[in-house]
Chemist: 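Quick one: the structure is below, and I'll ask about it shortly.
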Amino acid sequence: MLLAPAPLHIPDGFLNLVVSLIFWAATVIMVGLATSKTNQTLGEKQVPLMGIMAAFIFAAQMLNFPVAGGTSGHFLGGALAAIVLGPWAGILVMTAVVAVQALLFQDGGLLVMGANIFNMGIITAVIGFGLYRTVIGRNKNIRLIVAGMSAWLATMAAALLTSLQLWLSSTSRLALVVPAMLGVHALIGIGEALITVAALAFIQETRPDLLDKEATASSGGRGWIVAGILVSLLAVLISPLASGNPDGLERVADDLGFLETGSSKPFEILPDYTFPVLGDTAISTIIAGVVGTFILVGLLILIGRNLRKNRKQ
Amino acid sequence: MHINAFDRFHFHDSFIHRLDPRIKVVVTVAFILSNAILPDGSWLAFATAWLGLLVVNDLSNLGLGYSFKRSYIILPFILVAITAIFSPLGNPLAEWDLGFVTLIPTDFGLVRFFSVLTRSWLSVQMAILLVATTQFPDLIHAFEHLRLPRVLTTIIAFLYRYLFVLTNEALRLLRAREARSAGLPGQKRGGKLIWRTKVTGSMAGQLFLRSYERSDRIYNAMLARGYTGHLRTLNPHKMTRADWLVLILSLFVILFIQFVGWVR
Amino acid sequence: MPVKHQPVYEITIPECDGDVLQIQDLHFAYPDGHVALQGVSLNLCEGEKVALVGPNGAGKSTLMLHLNGILREDGDIFIGGMSIDEQNLPIIRAMVGLVFQNPDDQLFSPTVFDDVAFGPLHMGLPEDEVHIRVEEALAAVQMNGFGERLSHHLSMGQKKRIAIATVLAMRPQILVLDEPSAGLDPRTRRALINFLDELPITMLISTHDIRMVKELFPRMIIMDEGIIVADGSTVELLNDAALLQDHGLEIP
Amino acid sequence: MPVKHQPVYEITIPECDGDVLQIQDLHFAYPDGHVALQGVSLNLCEGEKVALVGPNGAGKSTLMLHLNGILREDGDIFIGGMSIDEQNLPIIRAMVGLVFQNPDDQLFSPTVFDDVAFGPLHMGLPEDEVHIRVEEALAAVQMNGFGERLSHHLSMGQKKRIAIATVLAMRPQILVLDEPSAGLDPRTRRALINFLDELPITMLISTHDIRMVKELFPRMIIMDEGIIVADGSTVELLNDAALLQDHGLEIP
Ligand SMILES: Nc1ncnc2c1ncn2[C@@H]1O[C@H](COP(=O)(O)OP(=O)(O)OP(=O)(O)O)[C@@H](O)[C@H]1O
Ligand SMILES: Nc1ncnc2c1ncn2[C@@H]1O[C@H](COP(=O)(O)OP(=O)(O)OP(=O)(O)O)[C@@H](O)[C@H]1O
Ligand SMILES: [Mg+2]
Ligand SMILES: [Mg+2]
């Protein structure tokens with residue numbers, strides 16, 4: 001099936017509330033920044049272009065290529081979008097893609113959309129563009145090689161982050177999910193890298209004007225290089241740790257009470273899901289649940305509102 | 001080919017179809033949120049939630065099994081969740097030695113696994129219902145009313161408009177390649193692997209170029225027909241008393257599900 | 001047909017001085033450097049129906065894309081006396097109805113109805129008027145009842161017809177059609193010819209269908225390699241075998 | 001032309017029993033539920049040249065897409081005696097050369113050369129052979145020297161010609177062309193007709209160009225609403241005014 005869900009689109013229910021909300025918050029902040037940045041640098045006319053680029057990524061994800069053993073990988077496009085359009089626009093484009101995939105195809109959930117956008121749009125943009133930014137202006141082959149490497153690494157980082165989120169939600173065992181995800185994505189990443197390189201080479205040949213202009217005009221500053229390298233290093237360091245010594249990590253998290261939080265205690269503020277005043281009764285539990293829900297909804301609204309204010313300034 | 005997979009909207013007329021899209025979005029999100037905070041193993045609450053889904057299915061004239069039949073989307077992810085069965089918490093049920101690793105399923109893990117699955121399965125069905133009863137442009141409109149940033153909703157609106165065009169374009173590229181992927185009897189076909197990847201890469205590049213240049217042309221075709229930055233629809237979007245009533249009722253149902261879930 | 005006898009090859013100067021469309025020395029090169037137009041001058045008068053013919057790659061489509069500002073380059077184009085700039089564009093686009101050669105470039109909405117209604121809707125017309133216009137336009141291309149179909153799930157000829165309808169629904173003052181009859185079945189082609197014949201507006205139509213030119217257009221323009229090589233009465237130009245021969249044409 | 005006199009409307013049974021192509025009762029519905037073919041049966045013999053005509057939306061393109069397995073459905077199609085399944089597909093695709101109606105559907109490589117070379121390369125031919133084939137194919141459509149151009153950046157007619165070349169380069173045994181003459185300028189159309197006339201292979205060609213049918217094809221098939229309504233000698237079918245009238249055709 002052409003539109004089979006990619007192994008990175010987490011559905012609702014697989015991440016617990018805390019993890020979902022943390023990544024929603026991070027995503028809202030980044031996307032908010034991206035909107036204000038692109039509003040500054042790009043004219044009104046560029047918005048349709050971004051929409052079309054989003055549709056392009058969507059369509060390009062259909063160009064599957066055979067990976068070993070009958071499975072076929074498919075293109076993520078986050079790195080390519082960031083390289084061609086600049087990081088901020090790339091983030092917006094990927095946000096739109098992930099949102100539409102969730103809304104229209106239920107390919108990825110709504111509550112976990114923050115995490116999905118973060119994995120597939122933000123991390124890939126930071127790594128993809130950050131590393132590519134170091135070689136802008138160098139000779140063509142070096143640029144292509146670095147683009148390919150960053151596309152591969154971005155895929156791996158997205159897979160790693162997905163595994164970690166699943167683990168923190170105690171949906172998966174670290175010892176099993178990390179090697180599995182990284183293993184599959186090491187292959188998929190190669191396809192991603194090859195396609196990214198070939199597509200860039202094609203654009204370079206046919207419309208070099210698009211690449212140069214776009215890259216210099218709307219790209220971020222040197223901060224992206226630092227962020228890109230840092231995040232890449234982090235990914236490179238954590239992967240062997242997580243796959244090589246998962247039990248250690250797991251024990252640490254267990255000691256910190258992380259796993260239990262993840263599995264069934266969304267509200268640390270309300271100890272044991274009861275409302276202290278009312279004692280340990282069923283009613284108390286229910287009220288705790290209701291209050292918790294309101295607090296969360298309130299938090300979400302607050303975050304959203306602040307961001308909107310920031311943008312207006 | 002799956003081009004028709006794009007519009008998941010189903011042309012039926014029903015009370016649910018006519019509801020204001022904002023209500024539907026809010027209720028959907030609330031329902032999914034509610035699933036997320038239900039404790040593991042609250043089977044009765046899950047069952048109540050499913051009952052709710054069945055009622056919505058029926059009210060939308062889609063048939064009772066509509067959303068159920070389409071909820072297989074989450075299947076691939078079950079693989080990921082299976083590992084939850086071997087959670088370190090809880091009491092061990094068995095011990096399987098696979099040589100390189102020893103797997104210990106636990107009671108806690110088992111409950112966890114099925115809870116994750118059920119939550120996901122319920123949430124996906126609600127999302128399916130939302131899309132099946134609301135046209136996508138109306139959905140985007142609703143998000144605009146719910147104060148999503150304009151840039152983002154406009155990008156999404158354009159994404160939707162061009163989705164048909166560009167996925168068609170991608171399908172055409174694939175089809176063109178397929179049509180000439182010939183072989184001679186007794187001869188190795190397909191060319192070298194590196195050439196094949198290069199072809200796929202060029203196709204991505206080609207798709208990019210076509211998208212980019214076509215974006216110019218179609219955007220101009222839109223301008224030529226009076227587009228000024230707002231996509232218009234023939235739907236007024238006014239909240240009626242019925243809309244408010246449904247909203248309040250649905251939220252009560254969701255609260256009730258929570259009640260069922262937390263009372264032990 | 002009001003045919004005036006003039007020496008062939010020479011540019012026909014219409015009696016008005018191009019009150020609807022004036023093009024002076026238009027040059028254009030595509031971004032990849034390919035030169036497509038190298039000095040095109042052309043006048044159109046109110047109500048004139050003109051055919052644009054020439055071999056593949058002559059620059060016909062490129063020229064047409066300039067007429068409502070899809071492509072823009074130096075050289076002066078005036079539509080109804082207005083130059084094509086940012087400010088005039090919306091008005092010009094309401095005046096000039098352009099149908100692309102490839103219907104896939106024209107159709108971008110999910111359903112046929114949405115596509116045909118797009119123009120009237122964005123012109124701010126009231127809802128009933130929009131419905132009336134869509135009905136009318138679909139009827140003109142014999143596609144009534146196709147409103148709910150998906151525009152990209154149609155046969156080539158059906159798409160072509162819808163593409164024409166999207167523009168008719170806007171009731172433009174100048175109709176610019178790029179090979180409208182290509183891909184149409186004989187009956188639809190005939191109906192289109194009759195429809196265009198009765199439509200009392202200015203039109204510029206590129207085509208390889210010389211019989212249609214003969215039947216419908218008193219004036220004909222021959223383009224080749226980015227310039228206009230002849231502009232005059234259809235009857236006379238079609239009698240000049242050498243000219244036709246030189247520019248990839250053929251008397252049918 | 002070897003025309004046998006038979007009552008019109010009746011299916012011509014060729015002397016061979018369809019040794020090249022056999023279709024028995026083919027049905028097809030698009031995924032959106034639209035039924036495009038409702039029982040098509042058709043035989044083609046070695047070396048036969050057959051025209052497929054019918055109004056827009058008749059199902060001509062849909063039928064052609066079945067012939068090299070782009071669309072597949074129940075109903076039996078046999079090409080050279082082979083059924084169309086996963087295993088036979090590569091060989092069938094080498095045998096049947098299909099040119100899509102819209103050249104944009106056909107071209108997917110960066111340059112014209114890459115596009116024309118794709119088929120031969122995929123078939124595993126040696127490099128010099130590939131070069132020879134590309135040269136030949138481009139020459140056949142009068143596009144020599146266009147090898148380095150981007151296929152995407154050509155005029156419609158030029159793309160159409162390249163699309164035909166991509167298939168010729170594979171030297172198919174059956175040529176299936178979907179409206180090959182649409183969008184071609186008169187001279188290129190003439191050259192195409194002559195070329196097809198001389199090419200000694202089996203061909204099935206859909207078209208709205210009745211004059212071309214008259215000139216080139218002894219046998220003609222009329223389709224409408226997903227079925228074959230007539231199959232017989234061109235001369236006779238074209239004399240049946242009522243039949244043509246019923247199916248959107250017109251004697252030119
Ligand atoms: N997007 C493009 N980029 C570069 N060159 C182009 C592009 N489109 C067309 N050309 C070139 O410009 C020239 C004029 O093309 P145009 O499409 O205007 O021809 P045309 O007269 O419409 O031909 P046809 O009858 O085949 O439609 C051709 O030589 C063509 O190769
Ligand atoms: N992708 C598609 N999805 C759904 N229906 C389609 C699709 N393509 C074509 N159709 C429908 O199938 C029928 C047959 O279409 P087809 O393209 O085979 O017609 P055709 O005979 O080739 O017409 P034309 O002369 O216009 O090219 C038409 O009614 C058309 O609307
Ligand atoms: Mg043209
Ligand atoms: Mg067709």
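None of the values given here were measured: they were computed from a predicted structure. Residue numbers begin at 1 in each chain, while the letters A, B, ... track the order of the sequences.
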Chemist: Any residues in residues 56-63 of chain D near chain C, with a heavy-atom distance under 4.5 Å, and which are they?
Modeler: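 Hits under 4.5 Å: N56(D), G57(D).
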Chemist: E179(C) versus chain D, heavy atoms under 4.5 Å apart: side chain, backbone, both or neither?
Modeler: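 The side chain, not the backbone.
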Chemist: Is it the side chain or the backbone of D178(D) that comes within 4.5 Å of chain C heavy atoms, both, or neither?
Modeler: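 Contact with chain C is absent: no heavy atom of D178(D) under 4.5 Å.
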Chemist: Please determine, by modelled atom types, if H34(D) and R149(C) share a side-chain donor-acceptor pair under 3.5 angstrom.
Modeler: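 Per modelled atom types, H34(D) and R149(C) side chains form a pair under 3.5 Å.
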Chemist: Quick check against the 3.5 Å criterion: does R189(C) have a side-chain atom that pairs as donor or acceptor with the backbone of H208(D)?
Modeler: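 Looks like no, no N/O pair under 3.5 Å.
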Chemist: More than 12 non-hydrogen atoms from neighbouring residues, nucleotides or ligands closer than 6.0 Å to CD on Q142(D), yes or no?
Modeler: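 Atom CD in Q142(D) is crowded, with more than 12 foreign heavy atoms closer than 6.0 Å.
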Chemist: Which one wins on heavy-atom pair count under 4.5 Å against chain C: K160(D), R161(D), H247(D)?
Modeler: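 The answer is R161(D).
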Chemist: Against chain C, work out which of A191(D), A182(D), P55(D) has the most heavy-atom pairs shorter than 4.5 Å and name it.
Modeler: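 Option with the greatest count: P55(D).
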Chemist: Just how far is it from atom OG1 of T207(C) to atom CG of D185(D), taken to the nearest 0.5 Å?
Modeler: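 If we round to the nearest 0.5 Å, T207(C):OG1 and D185(D):CG are 11.5 Å apart.
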Chemist: What part of L184(C) gets within 4.5 angstrom of chain D, counting heavy atoms only: side chain, backbone, both, or neither?
Modeler: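 For L184(C), the contact with chain D is made by backbone and side chain together.
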Chemist: Starting from the C-alpha separation in whole Å, work towards a yes-or-no answer on side chain to side chain contact (heavy atoms under 4.5 Å, CB included) for R187(C) and L249(D).
Modeler: CA-CA 6 Å; R187(C) 179 163 37 199; L249(D) 301 173; over 6 Å; no
Chemist: Which one, P186(C), G157(C), G54(C), leads in non-hydrogen pairs under 4.5 Å with chain D?
Modeler: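 Most heavy-atom pairs within the cutoff with chain D belong to P186(C).
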